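The block underneath contains the structure these notes are about, expressed in structure tokens.
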Amino acid sequence: MITLNYKFADSAVVGADNGLDIQKEFDTYKDTIANIILDLNKKKDKPGQWLQWMNLGYSEETVWYVKEYAALVEGRFDNILVLGIGGSALGGLAVTEALLKPCWNFLTKEQRNNFPRVFFLDNIDPDYILGLLDVLDLKKTLVNVITKSGSTAETMSQFMIIKDRLEKELGEEYRKNIVATTDKNTGVLKQIADQEGYKTFIIPNDVGGRFSVFSAVGLLPFALLGLDIDEIINGVKDMDLILKNTDINENIAAQNALIHYLLDTQKGKNITVMMPYSQRLRYISDWFVQLWAESLGKEKNLNGEIVHVGPTPVKALGATDQHSQIQLFNEGPNNKIINFIRVKEFDNVLTIPKIFEYTGIGYLGGKSINDLMSAEADSTRVALSDYNKPTITVTLPKVNGYYVAQLLYMFEIQTAIAGALYNIDAFTQPGVEQAKNYTYALMGRVGYEESANELYRKMSAI
Ligand code: PA5
């Protein structure tokens, strides 16, 4: 299983101003945590609680349908183009980057075992969209349009552009190149899909975007790319069993949630840095940033009081950011918790050849680059603790579907528990609505005329 090491966040290592007497806090919060876990598990099946993502590891039906469709289209496409944004893109991006062979899109078809290349289009930059369309042969591209709400402006405008081109190139046959993943009721994508006859996968009720990676949102692209989705689902299930344990001493998600919560609220560590020491895990940080920020950054608590809470997540990459952000992390303000993600065993061991005797670099010859990566992570952690900066380390035995799924699911449960500790609703995102409404107003959506007037008034006053 993946493991959590919090010793370097303990006051015994980083001092009482910057760390916690962790075992004492576990004892103090034992009952609170047990109640939170019980409550989550009790509420998870209730409609409207937005906790259905806790059941995704058990959705055999989805796995079956996803595999069936992947088998049906196997060999037909050279490219998968995922259209989606936020939670509809980041999980897929993080997991495919972790699990596909590095530089996947640059490999030959044979090297990819005939599986397609993959592109995530999660922005609306016209130059980038046109650039991507220049390199994709749409006839050989399966477009997976993903939107839970079914009407997100960014995703649906990308979709309209690409659907139009597909239809012009392929005529009536274009439908076979589209697969939609969406909610069964909300938004217009489901209506379009039904009307036009696209293959459609449903995102279950009460699964929000940032918690949707183990629904068809993630599983479909993973299966289309030849990833072992059983291995992924087994990782989720096994982690779920562990995280049902109400004893904080046995529950790593609860431990990490409590440590982050207390370091933020008691010791001023309101920045959460996510720093994998693995290139393949680098987009896990992007996924985590959205999960942590959108879930925990809230104006009001559950009692309706104005609280403005939420740690600020920051992404970093080891060893790369040792030459960028670590100067700040070491010597700058002591307001961060730095989370390392380590990998015990890389797939390969790469030895540095002994080709130079110069004093400055000769010592590297004959060592493995794996040892260098490990030495750098160890030294950075110790150096940070010399500056009394708290760190947490999560270790994966290997980068594979089983452990990556455990990691993501652990972060999801950690976020839900942290939400309960902050006493906020971790499953809403009211703070993004206002800008969305203004955008609709600016783009002339019917029903948003009042917002448009308000916006123009405000803009002209500045
Ligand atoms: O986590 C969330 O709910 C959001 O980040 C959504 O994923 C994002 O806004 C995209 O929404 P949708 O999937 O409805 O297009």
Side-chain angles (χ1 to χ4, degrees), residues 48-54 56 62 81-95 120-124 129 143-163 178-193 198 200-221 283-299 310 312-313 315 408-409 411-416 418-419 424-440 443 445:
Q49 299 293 327
W50 290 93
L51 289 170
Q52 275 298 326
W53 54 270
M54 291 176 72
L56 292 176
T62 306
L81 173 60
V82 177
L83 310 179
I85 197 163
S88 289
L90 289 166
L93 183 61
V95 174
F120 287 87
L121 192 53
D122 66 349
N123 208 345
I124 44 170
I129 296 174
V143 178
N144 182 195
V145 50
I146 308 179
T147 163
K148 165 82 180 171
S149 62
S151 42
T152 297
E154 293 89 341
T155 305
M156 290 311 287
S157 53
Q158 292 169 347
F159 176 67
M160 287 189 251
I161 292 165
I162 287 162
K163 187 242 177 200
I178 295 176
V179 53
T181 308
T182 190
D183 188 273
K184 71 173 185 298
N185 299 318
T186 61
V188 289
L189 181 59
K190 182 67 170 62
Q191 290 170 41
I192 297 172
Y198 309 149
T200 305
F201 287 85
I202 298 299
I203 307 170
N205 288 341
D206 293 336
V207 175
R210 55 193 177 274
F211 292 88
S212 69
V213 58
F214 300 117
S215 70
V217 168
L219 295 185
L220 179 62
Y283 292 130
I284 302 277
S285 304
D286 295 64
W287 173 86
F288 175 83
V289 162
Q290 190 223 1
L291 179 73
W292 204 235
E294 215 164 54
S295 302
L296 302 182
K298 296 288 149 72
E299 180 185 39
T312 301
K315 56 181 183 165
L408 299 192
Y409 191 71
F411 283 142
E412 289 180 348
I413 295 282
Q414 172 185 318
T415 304
I424 49 92
D425 186 344
F427 307 106
T428 56
Q429 47 285 328
V432 300
E433 292 310 317
Q434 185 66 336
K436 258 194 205 173
N437 291 341
Y438 284 151
T439 306
Y440 295 149
M443 295 297 286
R445 183 169 164 177

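Everything numeric in this text was worked out from a predicted model, so none of it was measured. In each ligand, atom 1 is the first atom listed, and ligand 1 is the first ligand listed. For reference, positions follow the sequence shown, starting with 1.
Nearest heavy-atom pair, Leu81 versus Ile162, reported as atom, atom and distance to 0.1 Å: CD2-CD1, 3.7 Å.
Around ligand 1 you find Ile85, Gly86, Gly87, Ser88, Thr147, Lys148, Ser149, Thr152, Gly209, Arg210, Gln290, Glu294, Gln429, each with a heavy-atom distance below 4.0 Å.
Each of Ile146, Val143, Asn144 was checked for a side-chain contact (heavy atoms from CB on, under 4.5 Å) with Val179, and the lone residue meeting it is Asn144.
A donor-acceptor pair shorter than 3.5 Å can be found between the side chains of Ser149 and Thr152.
Checked for salt-bridge contact, Lys190 and Asp183 miss the test: no charged N lies under 4.0 Å from a carboxylate O.
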Exercise for the section: Evaluate the criterion ring-ring contact (aromatic ring centres under 6.0 Å, His included) for residue pair Trp50 and Phe427; output intermediate values, then yes/no. Expected result: CA-CA 6 Å; Trp50 290 93; Phe427 307 106; 8.3 Å; no

Practice task
Tell me, with the steps shown, if Lys184 and Asn205 meet side-chain contact (heavy atoms from CB on, under 4.5 Å).
Solution key: CA-CA 8 Å; Lys184 71 173 185 298; Asn205 288 341; 3.6 Å; yes

